[in-house]
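Before any comments, here is the structure.
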Amino acid sequence: MSAGVPLASWKTQMFESLLGFLPDWVQITVLALVVLAFLAAWALKLKRRIAARRAPRTGAPVPVQASGADFLGPYAPRNQGGTSARSGAREPSGRRLPRLLRPAP
């Protein structure tokens, strides 16, 4: 009945060829573990998405493990002085802003 056209993707054929020589109970166990890992990853992703949506409403921060470019670790700048840093505010540079960008008096 084969017309030379594969009915399954190459990934499915590889998976079946790797598990094809094993007994049925091993195949079912491996397949169940793959499905369980997929469902666990999906549930974790859904949980994080719900937590991220809920955090702005309650004002609670979303617990995120710092890593990558956002995490400076021991190289983070120290807070100089007793004053807390203003978020997003910069010191004036002394140069004048163009007329369109100046704040209204």
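- Residues meeting the side-chain hydrogen bond (donor to acceptor under 3.5 Å, both in side chains) test with Thr29, sequence neighbours left out: none.
- Residues meeting the side chain to side chain contact (heavy atoms under 4.5 Å, CB included) test with Leu44, sequence neighbours left out: Arg48.
- Members clustered with Ile28: none, using a 4.5 Å side-chain heavy-atom cutoff among hydrophobic residues.
- Linking ILVMFWY side-chain heavy atoms closer than 4.5 Å, directly or via other members, places Val34 and Leu39 in two distinct hydrophobic clusters.
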Could you tabulate the donor-acceptor pairs under 3.5 Å formed by side-chain atoms of residues 14-22, not counting sequence neighbours?
from	atom 1	to	atom 2	distance (Å)
Ser17	OG	Gln13	O	3.2
Ser17	OG	Met14	O	2.8

